[in-house]
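Here the structure is a predicted model, which means the values were calculated and not measured.
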Amino acid sequence: MDSSIHKPMSLFFIFLLLISTNILTFFFSSTSYSSSCSPLHLSTTTSIPSIDVDLPSEFLSFTSGQLLPFGYNPNFDSDTIYPPVGHTCTLFPDDLRRYMSYQVNGSCPDDELLAQKLLLRGCEPLPRRRCRPAAPPHYAQPHPLPTSLWSIPSDSSVVWTSYTCKNYSCLIDRKKTQKGFDDCKDCFDLDGRERTRWTATGATRGSLDFTIDEVLATREPGTIRIGLDIGGGVATFAVRMMERNITIVTTSMNLNGPFNNFIAARGVVPLYISISQRLPFFDNTLDIVHSMHVLSNWIPTTLLHFLVFDVYRVLRPGGLFWVDHFFSVEEQLENVYAPLIRSVGFNELKWVVGRKLDRGAELREVYLSALLEKPLNNS
(Lines give C-alpha, C1' and ligand atoms only; values in the text may rest on other atoms or scores of the structure.)
Protein backbone atom coordinates (compact mmCIF):
# COMPACT_ATOMS: atom_id res chain seq x y z
CA MET A 1 0.00 0.00 0.00
CA ASP A 2 1.14 3.55 -0.73
CA SER A 3 2.73 5.23 2.34
CA SER A 4 0.87 8.48 1.66
CA ILE A 5 -2.45 6.60 2.22
CA HIS A 6 -1.18 4.61 5.25
CA LYS A 7 -0.18 7.71 7.27
CA PRO A 8 -3.64 9.44 7.31
CA MET A 9 -5.32 6.11 8.16
CA SER A 10 -2.98 5.64 11.18
CA LEU A 11 -3.73 9.13 12.46
CA PHE A 12 -7.47 8.49 12.08
CA PHE A 13 -7.36 5.30 14.21
CA ILE A 14 -5.27 7.05 16.92
CA PHE A 15 -7.80 9.90 17.02
CA LEU A 16 -10.70 7.43 17.25
CA LEU A 17 -8.99 5.59 20.13
CA LEU A 18 -8.50 8.81 22.11
CA ILE A 19 -12.14 9.82 21.67
CA SER A 20 -13.44 6.42 22.78
CA THR A 21 -11.13 6.39 25.84
CA ASN A 22 -12.35 9.82 27.00
CA ILE A 23 -15.98 8.78 26.56
CA LEU A 24 -15.43 5.64 28.67
CA THR A 25 -13.60 7.62 31.36
CA PHE A 26 -16.45 10.14 31.54
CA PHE A 27 -19.03 7.34 31.68
CA PHE A 28 -17.37 5.45 34.55
CA SER A 29 -16.59 8.58 36.59
CA SER A 30 -20.17 9.85 36.17
CA THR A 31 -21.59 6.46 37.16
CA SER A 32 -19.36 6.31 40.24
CA TYR A 33 -20.31 9.85 41.33
CA SER A 34 -24.04 9.37 40.90
CA SER A 35 -24.07 6.02 42.70
CA SER A 36 -22.40 7.52 45.76
CA CYS A 37 -25.00 10.26 46.23
CA SER A 38 -28.60 10.24 47.38
CA PRO A 39 -30.95 11.20 44.51
CA LEU A 40 -32.61 13.73 46.83
CA HIS A 41 -29.37 15.42 47.97
CA LEU A 42 -26.82 17.38 45.96
CA SER A 43 -23.41 16.42 47.32
CA THR A 44 -21.18 19.25 48.52
CA THR A 45 -18.39 17.08 49.91
CA THR A 46 -15.22 15.47 48.65
CA SER A 47 -13.67 12.48 50.34
CA ILE A 48 -10.36 12.49 52.17
CA PRO A 49 -8.15 9.43 52.62
CA SER A 50 -8.90 7.40 55.74
CA ILE A 51 -6.80 4.84 57.54
CA ASP A 52 -9.92 3.03 58.78
CA VAL A 53 -12.83 2.23 56.45
CA ASP A 54 -15.02 1.49 59.50
CA LEU A 55 -15.08 5.03 60.91
CA PRO A 56 -18.44 6.42 62.10
CA SER A 57 -20.58 7.94 59.37
CA GLU A 58 -21.02 11.20 61.32
CA PHE A 59 -17.23 11.50 61.67
CA LEU A 60 -16.86 11.09 57.91
CA SER A 61 -19.69 13.56 57.29
CA PHE A 62 -17.90 16.18 59.36
CA THR A 63 -14.33 15.61 58.16
CA SER A 64 -15.10 15.32 54.45
CA GLY A 65 -14.18 18.35 52.39
CA GLN A 66 -17.06 20.82 52.08
CA LEU A 67 -17.35 22.58 48.71
CA LEU A 68 -17.77 26.35 49.02
CA PRO A 69 -21.19 27.43 47.64
CA PHE A 70 -19.65 30.12 45.42
CA GLY A 71 -16.68 28.10 44.26
CA TYR A 72 -13.01 29.06 44.50
CA ASN A 73 -12.18 31.61 47.21
CA PRO A 74 -8.81 33.40 46.98
CA ASN A 75 -8.65 33.77 50.78
CA PHE A 76 -8.71 29.97 51.10
CA ASP A 77 -6.81 29.46 47.82
CA SER A 78 -9.29 26.62 47.35
CA ASP A 79 -12.88 25.78 46.55
CA THR A 80 -13.09 23.37 49.51
CA ILE A 81 -13.01 23.53 53.33
CA TYR A 82 -11.68 20.54 55.28
CA PRO A 83 -12.97 20.78 58.88
CA PRO A 84 -10.10 20.08 61.31
CA VAL A 85 -9.86 17.29 63.85
CA GLY A 86 -6.91 15.90 65.78
CA HIS A 87 -4.88 13.61 63.54
CA THR A 88 -4.84 10.90 66.22
CA CYS A 89 -8.64 10.61 66.46
CA THR A 90 -8.63 7.64 64.11
CA LEU A 91 -6.10 5.82 66.32
CA PHE A 92 -8.92 5.19 68.80
CA PRO A 93 -11.71 3.91 66.55
CA ASP A 94 -13.79 2.29 69.31
CA ASP A 95 -13.91 5.42 71.46
CA LEU A 96 -14.40 7.60 68.38
CA ARG A 97 -17.31 5.43 67.28
CA ARG A 98 -18.95 5.78 70.69
CA TYR A 99 -18.40 9.55 70.66
CA MET A 100 -19.84 10.01 67.17
CA SER A 101 -22.84 7.68 67.67
CA TYR A 102 -25.96 9.74 68.33
CA GLN A 103 -29.25 10.78 66.78
CA VAL A 104 -28.71 13.75 64.45
CA ASN A 105 -30.75 16.76 65.69
CA GLY A 106 -31.34 14.90 68.97
CA SER A 107 -29.63 14.84 72.37
CA CYS A 108 -25.93 14.04 72.72
CA PRO A 109 -24.92 11.17 75.01
CA ASP A 110 -23.81 12.22 78.50
CA ASP A 111 -20.19 11.36 77.69
CA GLU A 112 -17.93 14.09 79.08
CA LEU A 113 -15.38 11.59 80.38
CA LEU A 114 -15.13 9.86 77.00
CA ALA A 115 -14.73 13.19 75.18
CA GLN A 116 -12.02 14.39 77.57
CA LYS A 117 -10.14 11.09 77.32
CA LEU A 118 -10.10 11.40 73.52
CA LEU A 119 -8.97 15.01 73.73
CA LEU A 120 -6.14 14.33 76.18
CA ARG A 121 -4.81 11.50 73.99
CA GLY A 122 -4.49 13.87 71.03
CA CYS A 123 -7.93 13.82 69.38
CA GLU A 124 -7.91 17.61 69.54
CA PRO A 125 -9.82 19.43 68.38
CA LEU A 126 -12.65 16.96 68.81
CA PRO A 127 -14.97 16.64 65.81
CA ARG A 128 -18.12 18.72 65.97
CA ARG A 129 -21.41 16.92 66.56
CA ARG A 130 -24.96 17.58 65.41
CA CYS A 131 -26.70 17.02 68.75
CA ARG A 132 -27.58 18.98 71.88
CA PRO A 133 -25.30 18.45 74.90
CA ALA A 134 -26.54 17.29 78.29
CA ALA A 135 -27.68 20.20 80.47
CA PRO A 136 -28.74 20.53 84.12
CA PRO A 137 -32.46 19.76 84.53
CA HIS A 138 -33.07 22.84 86.71
CA TYR A 139 -30.40 25.32 85.67
CA ALA A 140 -29.81 28.25 88.04
CA GLN A 141 -28.65 31.63 86.76
CA PRO A 142 -25.14 32.74 87.84
CA HIS A 143 -24.54 35.37 90.49
CA PRO A 144 -24.17 38.88 89.04
CA LEU A 145 -20.80 40.59 88.85
CA PRO A 146 -18.90 41.45 90.99
CA THR A 147 -20.52 39.07 93.53
CA SER A 148 -19.81 36.09 91.25
CA LEU A 149 -16.04 36.56 91.44
CA TRP A 150 -15.84 35.16 94.99
CA SER A 151 -19.09 33.22 95.29
CA ILE A 152 -19.79 29.49 94.96
CA PRO A 153 -22.26 28.83 92.12
CA SER A 154 -25.46 26.86 92.51
CA ASP A 155 -25.13 23.07 92.36
CA SER A 156 -27.89 23.05 89.75
CA SER A 157 -25.63 24.85 87.25
CA VAL A 158 -23.60 21.66 86.59
CA VAL A 159 -24.14 18.19 85.14
CA TRP A 160 -22.39 16.10 87.85
CA THR A 161 -22.44 12.62 86.34
CA SER A 162 -18.74 12.64 85.33
CA TYR A 163 -17.36 13.55 88.76
CA THR A 164 -16.83 11.78 92.08
CA CYS A 165 -18.32 14.74 93.92
CA LYS A 166 -21.96 15.54 93.19
CA ASN A 167 -22.06 19.08 94.61
CA TYR A 168 -19.75 22.00 95.40
CA SER A 169 -19.74 21.32 99.14
CA CYS A 170 -18.05 17.99 98.43
CA LEU A 171 -15.45 19.69 96.21
CA ILE A 172 -14.71 22.33 98.84
CA ASP A 173 -14.23 19.70 101.57
CA ARG A 174 -12.38 17.07 99.55
CA LYS A 175 -8.89 18.10 100.69
CA LYS A 176 -9.96 17.12 104.22
CA THR A 177 -12.11 14.10 103.44
CA GLN A 178 -10.85 12.52 100.21
CA LYS A 179 -7.77 10.32 99.99
CA GLY A 180 -5.62 10.07 96.88
CA PHE A 181 -4.65 12.62 94.28
CA ASP A 182 -6.95 15.01 92.48
CA ASP A 183 -5.88 17.92 90.34
CA CYS A 184 -6.11 21.25 92.20
CA LYS A 185 -7.67 19.50 95.18
CA ASP A 186 -8.35 22.62 97.26
CA CYS A 187 -9.04 25.05 94.43
CA PHE A 188 -12.82 25.21 94.90
CA ASP A 189 -12.42 26.52 98.46
CA LEU A 190 -12.49 30.25 97.72
CA ASP A 191 -12.03 31.08 101.41
CA GLY A 192 -8.85 28.98 101.65
CA ARG A 193 -5.54 29.44 99.83
CA GLU A 194 -7.28 30.83 96.76
CA ARG A 195 -8.15 33.98 98.68
CA THR A 196 -4.50 34.99 99.13
CA ARG A 197 -2.83 33.73 95.95
CA TRP A 198 -0.62 36.32 94.18
CA THR A 199 -1.25 38.94 96.85
CA ALA A 200 1.22 40.37 99.36
CA THR A 201 -0.39 38.37 102.19
CA GLY A 202 -0.11 35.20 100.12
CA ALA A 203 3.64 35.47 99.57
CA THR A 204 4.67 33.11 102.37
CA ARG A 205 7.34 30.99 100.69
CA GLY A 206 9.92 33.63 100.00
CA SER A 207 11.02 35.03 96.70
CA LEU A 208 9.48 32.23 94.62
CA ASP A 209 6.06 33.84 95.18
CA PHE A 210 5.89 36.83 92.90
CA THR A 211 2.83 39.03 93.47
CA ILE A 212 0.69 40.36 90.66
CA ASP A 213 1.43 43.94 91.63
CA GLU A 214 5.22 43.48 91.55
CA VAL A 215 4.96 41.85 88.11
CA LEU A 216 2.74 44.62 86.76
CA ALA A 217 5.20 47.18 88.15
CA THR A 218 7.79 46.03 85.58
CA ARG A 219 5.67 47.55 82.78
CA GLU A 220 4.26 51.00 82.13
CA PRO A 221 0.87 51.41 83.86
CA GLY A 222 -2.01 50.25 81.68
CA THR A 223 0.13 48.39 79.15
CA ILE A 224 -0.73 44.93 80.51
CA ARG A 225 -4.34 44.59 79.27
CA ILE A 226 -4.95 41.07 77.92
CA GLY A 227 -3.39 37.68 78.48
CA LEU A 228 -3.60 33.95 79.07
CA ASP A 229 -3.30 31.65 82.08
CA ILE A 230 -2.31 28.09 81.10
CA GLY A 231 -3.81 25.44 83.37
CA GLY A 232 -5.34 28.04 85.65
CA GLY A 233 -7.41 25.81 87.94
CA VAL A 234 -10.54 27.77 88.94
CA ALA A 235 -9.21 31.04 87.40
CA THR A 236 -8.34 32.92 90.58
CA PHE A 237 -5.42 34.47 88.68
CA ALA A 238 -7.87 35.79 86.07
CA VAL A 239 -10.16 37.11 88.81
CA ARG A 240 -7.29 38.94 90.50
CA MET A 241 -6.30 40.45 87.16
CA MET A 242 -9.92 41.38 86.40
CA GLU A 243 -9.93 43.37 89.65
CA ARG A 244 -7.10 45.36 88.03
CA ASN A 245 -9.02 45.83 84.73
CA ILE A 246 -6.95 43.16 82.92
CA THR A 247 -8.66 40.45 80.84
CA ILE A 248 -7.24 36.94 81.19
CA VAL A 249 -8.44 33.80 79.39
CA THR A 250 -7.91 30.63 81.46
CA THR A 251 -7.24 27.18 80.01
CA SER A 252 -8.42 24.30 82.17
CA MET A 253 -9.46 20.67 81.89
CA ASN A 254 -12.30 19.09 83.89
CA LEU A 255 -10.16 16.61 85.83
CA ASN A 256 -12.70 15.15 88.28
CA GLY A 257 -14.34 18.50 88.76
CA PRO A 258 -16.38 21.04 86.74
CA PHE A 259 -13.52 23.53 86.40
CA ASN A 260 -14.77 25.16 83.20
CA ASN A 261 -18.30 25.62 84.57
CA PHE A 262 -16.89 27.10 87.77
CA ILE A 263 -14.64 29.52 85.88
CA ALA A 264 -17.50 30.74 83.72
CA ALA A 265 -19.79 31.08 86.76
CA ARG A 266 -17.20 33.39 88.36
CA GLY A 267 -17.52 35.68 85.34
CA VAL A 268 -14.21 35.08 83.55
CA VAL A 269 -13.49 33.20 80.33
CA PRO A 270 -12.60 29.46 80.31
CA LEU A 271 -10.83 27.80 77.38
CA TYR A 272 -11.15 24.02 77.22
CA ILE A 273 -7.89 22.95 75.56
CA SER A 274 -5.00 20.73 76.61
CA ILE A 275 -1.34 21.69 76.80
CA SER A 276 -0.78 19.89 73.47
CA GLN A 277 -3.03 22.23 71.49
CA ARG A 278 -1.61 25.16 69.53
CA LEU A 279 -2.63 28.34 71.35
CA PRO A 280 -5.63 29.84 69.50
CA PHE A 281 -4.25 33.37 69.34
CA PHE A 282 -2.55 35.28 66.55
CA ASP A 283 1.16 36.10 66.62
CA ASN A 284 2.39 39.06 68.71
CA THR A 285 -0.94 39.86 70.39
CA LEU A 286 -0.96 39.07 74.13
CA ASP A 287 0.56 41.21 76.88
CA ILE A 288 1.13 38.42 79.39
CA VAL A 289 1.07 34.60 79.64
CA HIS A 290 1.11 32.96 83.07
CA SER A 291 1.28 29.33 84.17
CA MET A 292 1.53 27.91 87.68
CA HIS A 293 2.63 24.30 88.33
CA VAL A 294 1.29 22.98 85.00
CA LEU A 295 4.43 23.57 82.91
CA SER A 296 6.76 21.13 84.64
CA ASN A 297 8.74 17.93 84.21
CA TRP A 298 5.69 15.70 83.60
CA ILE A 299 5.49 17.09 80.04
CA PRO A 300 7.64 15.35 77.38
CA THR A 301 10.65 17.55 76.68
CA THR A 302 10.07 18.07 72.96
CA LEU A 303 6.41 18.92 73.54
CA LEU A 304 7.44 21.41 76.23
CA HIS A 305 9.91 23.04 73.83
CA PHE A 306 7.17 23.50 71.21
CA LEU A 307 4.85 24.88 73.90
CA VAL A 308 7.31 27.51 75.15
CA PHE A 309 7.94 28.63 71.56
CA ASP A 310 4.16 28.90 71.13
CA VAL A 311 4.01 31.19 74.18
CA TYR A 312 6.77 33.28 72.61
CA ARG A 313 4.78 33.41 69.37
CA VAL A 314 1.56 34.79 70.88
CA LEU A 315 3.25 37.36 73.13
CA ARG A 316 3.70 40.81 71.69
CA PRO A 317 7.22 42.31 71.74
CA GLY A 318 7.78 43.42 75.32
CA GLY A 319 5.16 40.94 76.58
CA LEU A 320 5.72 38.91 79.74
CA PHE A 321 5.90 35.15 80.31
CA TRP A 322 5.41 34.42 84.02
CA VAL A 323 6.70 30.92 84.83
CA ASP A 324 5.19 30.27 88.26
CA HIS A 325 6.58 27.33 90.29
CA PHE A 326 7.89 25.11 87.48
CA PHE A 327 9.00 21.97 89.31
CA SER A 328 11.61 19.34 88.47
CA VAL A 329 14.60 17.55 89.97
CA GLU A 330 17.57 19.88 90.50
CA GLU A 331 19.76 18.11 87.93
CA GLN A 332 16.92 18.20 85.39
CA LEU A 333 16.57 21.96 85.80
CA GLU A 334 20.29 22.54 85.36
CA ASN A 335 20.83 20.16 82.45
CA VAL A 336 17.51 20.14 80.59
CA TYR A 337 14.86 22.70 81.49
CA ALA A 338 16.88 25.85 82.09
CA PRO A 339 18.74 25.41 78.75
CA LEU A 340 15.42 24.60 77.03
CA ILE A 341 13.68 27.75 78.30
CA ARG A 342 16.69 29.96 77.61
CA SER A 343 17.04 28.62 74.05
CA VAL A 344 13.74 30.28 73.07
CA GLY A 345 15.14 33.79 73.30
CA PHE A 346 13.42 35.57 76.22
CA ASN A 347 15.07 38.29 78.28
CA GLU A 348 15.26 37.30 81.96
CA LEU A 349 13.77 39.89 84.32
CA LYS A 350 13.57 37.48 87.29
CA TRP A 351 14.92 33.93 87.72
CA VAL A 352 14.52 32.38 91.16
CA VAL A 353 15.15 28.74 92.12
CA GLY A 354 14.08 27.31 95.47
CA ARG A 355 13.69 23.94 97.18
CA LYS A 356 10.48 21.92 96.80
CA LEU A 357 10.26 20.07 100.12
CA ASP A 358 6.68 18.78 100.33
CA ARG A 359 7.74 15.23 99.32
CA GLY A 360 11.05 15.19 101.17
CA ALA A 361 14.44 16.86 100.70
CA GLU A 362 16.04 13.58 99.59
CA LEU A 363 14.25 13.82 96.22
CA ARG A 364 16.22 17.00 95.42
CA GLU A 365 13.18 18.63 93.82
CA VAL A 366 13.19 22.34 93.06
CA TYR A 367 10.87 25.10 91.91
CA LEU A 368 11.66 27.72 89.29
CA SER A 369 9.78 31.01 89.24
CA ALA A 370 10.79 33.30 86.41
CA LEU A 371 9.60 36.48 84.75
CA LEU A 372 10.63 36.50 81.10
CA GLU A 373 10.25 39.24 78.50
CA LYS A 374 9.84 38.83 74.77
CA PRO A 375 12.45 41.15 73.22
CA LEU A 376 11.27 44.26 71.39
CA ASN A 377 13.50 43.27 68.49
CA ASN A 378 13.01 39.50 68.29
CA SER A 379 13.77 36.72 65.82
Can you list every pair that meets salt bridge (Lys or Arg N to Asp or Glu O under 4.0 Å) and has a residue in [range], with sequence neighbours left out?
range: residues 66-94; result: Asp94-Arg97
range: residues 244-255; result: Asp213-Arg244
range: residues 320-341; result: Glu330-Arg355, Glu330-Arg364, Glu331-Arg364

Using the test side-chain contact (heavy atoms from CB on, under 4.5 Å), find all partners of Ala264 that sit at least two apart in sequence or belong to another chain.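 side-chain contact (heavy atoms from CB on, under 4.5 Å) list for Ala264, sorted by chain: Pro270.
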Excluding sequence neighbours, so at least two apart, what forms salt bridge (Lys or Arg N to Asp or Glu O under 4.0 Å) with Arg278?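 Arg278 satisfies salt bridge (Lys or Arg N to Asp or Glu O under 4.0 Å) with no residue once adjacent residues are dropped.
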Can you list everything that forms a salt bridge (Lys or Arg N to Asp or Glu O under 4.0 Å) with Glu124? Sequence neighbours excluded, please.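 With sequence neighbours excluded, Glu124 shows a salt bridge (Lys or Arg N to Asp or Glu O under 4.0 Å) to no residue whatsoever.
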Testing Leu91, Asp95, Asp111, Leu113 for side chain to side chain contact (heavy atoms under 4.5 Å, CB included) with Leu118, which one passes?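 Answer to the side chain to side chain contact (heavy atoms under 4.5 Å, CB included) test with Leu118 among Leu91, Asp95, Asp111, Leu113: Asp95.
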Disulfide (SG to SG under 2.5 Å) partners of residues 250-279, not counting sequence neighbours, each pair once: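 Sorted pair list comes back empty.
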Can you list every disulfide (SG to SG under 2.5 Å) pair that touches residues 119-158, not counting sequence neighbours?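 Found Cys89-Cys123, Cys108-Cys131.
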Applying ring pair (Phe, Tyr, Trp, His ring centres under 6.0 Å) as the test, list every pair that has at least one member in [range]; sequence neighbours left out.
range: residues 130-156; value: none
range: residues 224-246; value: Trp198-Phe237, Phe237-His290, Phe237-Trp322
range: residues 346-365; value: Tyr312-Phe346, Phe321-Phe346

List the residues meeting ring pair (Phe, Tyr, Trp, His ring centres under 6.0 Å) with Phe259, not counting sequence neighbours, and say none if there are none.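 For Phe259, the residues satisfying ring pair (Phe, Tyr, Trp, His ring centres under 6.0 Å) (neighbours in sequence not counted) are Phe188.
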Please walk me through it: do Ser156 and Ser154 pass side chain to side chain donor-acceptor pair (under 3.5 Å)? CA-CA 5 Å; Ser156 61; Ser154 168; 2.8 Å; yes
